[in-house]
Amino acid sequence: MEANNSPSRKVWKRFRKNKLAFGGLLFIVTLIIMGILGYAITPDQTPNANTMHLQLTNKKPGRTFDFLIVSKNKNIRKVNFFEKMLYGQEADFKSVPITSYRESQGKVYAREYIGDDEQAEETSFPLVKGTNRYTQTFWLGTDVYGRDLLSRLILGIRVSLSVGLMAVLISLFIGVSLGALAGYFGGKTDAAISWFMNVIWSLPSLLLVIAISFALGKGFWQIFIAVGLSTWVDVARLVRGQVIALKEVEFVEASKALGYSTPRIIIKHILPNIARSNTCGCFCEFRFGNTFRNRIKLFRLWGTTSNG
């Protein structure tokens with residue numbers, strides 16, 4: 001009976017009644033599953049979904065094309081399912097989009113696709129053993145390099161979720177640690193940590209992220225660290241205030257009277273009681289992490305374009 005009336009169960013029942021919120025949860029869970037499966041469900045399973053067909057630049061969603069396999073590479077190593085799911089599988093063939101196909105005297109004669117309003121001359125290709133043709137539908141169209149947008153979008157889910165998650169973990173580790181120390185000990189410790197938080201708080205977050213990312217260099221891990229190091233102040237201020245409010249209550253005083261160590265009091269007794277309040281802050285940090293990542297990419301693209 002107590003389990004049925006627990007606060008967590010009441011929150012879950014109330015949450016399920018909100019159709020929009022519950023639908024959003026299902027959508028996020030679906031994205032997480034798609035991000036984990038990665039290359040296992042992408043139409044283009046090459047690393048980074050980087051198969052280019054320049055003839056298919058910026059095609060609309062739903063377009064279907066026929067492809068002719070013009071050569072095969074037997075030296076490509078086949079990977080197992082889990083390695084393929086994480087890193088993809090190198091393509092063991094090369095193909096071109098075609099509009100017509102016929103075989104004659106051991107050769108293949110086909111017309112390459114060069115545009116909707118143009119027709120290429122018929123060209124001969126070597127006849128490849130086994131299956132030498134396939135059809136692919138680009139459900140979300142193609143980009144400027146003729147790459148499948150659906151495949152790249154699925155892989156982008158993995159990148160966005162990992163950046164947000166790692167940024168939250170880094171900011172939580174720093175923010176909770178410093179906030180708990182400042183709130184529990186007070187005095188000079190609180191003054192020193194609060195001064196440091198105010199210094200970081202006074203700096204524009206976007207400029208701080210960009211400065212750290214440029215100092216650390218390019219790469220996903222550098223972005224993780226840059227976003228995490230610039231967004232921990234919000235967490236630290238929230239934790240500090242809650243720890244100050246809780247450190248004088250009865251159960252904390254009882255823990256001190258029983259001789260429990262300071263780390264145990266903070267970790268075992270205070271932090272669990274403020275965990276729910278920090279959940280909203282975690283989601284905000286997750287959103288800010290992806291926002292900063294996108295802004296960094298825009299600034300780098302602008303810088304590359306300006307230098308060019």
Polar side-chain atom of R240 near backbone of G179 as donor-acceptor pair, under 3.5 Å: no

Closest non-hydrogen atom pair between I157 and M34, with its separation: CD1-CE, 4.2 Å

R102 to Y109 six-membered ring, cation-pi geometry met (6.0 Å, 45°): yes

Quiz item: cation-pi between R133 and Y101, 6.0 Å / 45°: yes

Output field: ring centroids H53/F65 closer than 6.0 Å: no

Exceeds 12 heavy-atom contacts within 6.0 angstrom, atom NZ of K84: no

Centroid-centroid under 6.0 Å between Y39 and Y87 rings: no

R147 NZ/CZ over Y145 ring centroid, <6.0 Å and within 45° of normal: no

Least distance between heavy atoms, V96 atom then V70 atom: CG2-CG1, 3.9 Å

Distance-only side-chain donor-acceptor flag, T137 / T64, under 3.5 Å: yes

Check: K94 and N73 side chains under 4.5 Å, non-hydrogen atoms: no

Member of L246, V176, L238 meeting the side chain to side chain contact (heavy atoms under 4.5 Å, CB included) criterion with I274: L246

Donor-acceptor side-chain pairing of T42 and D44 below 3.5 angstrom: no

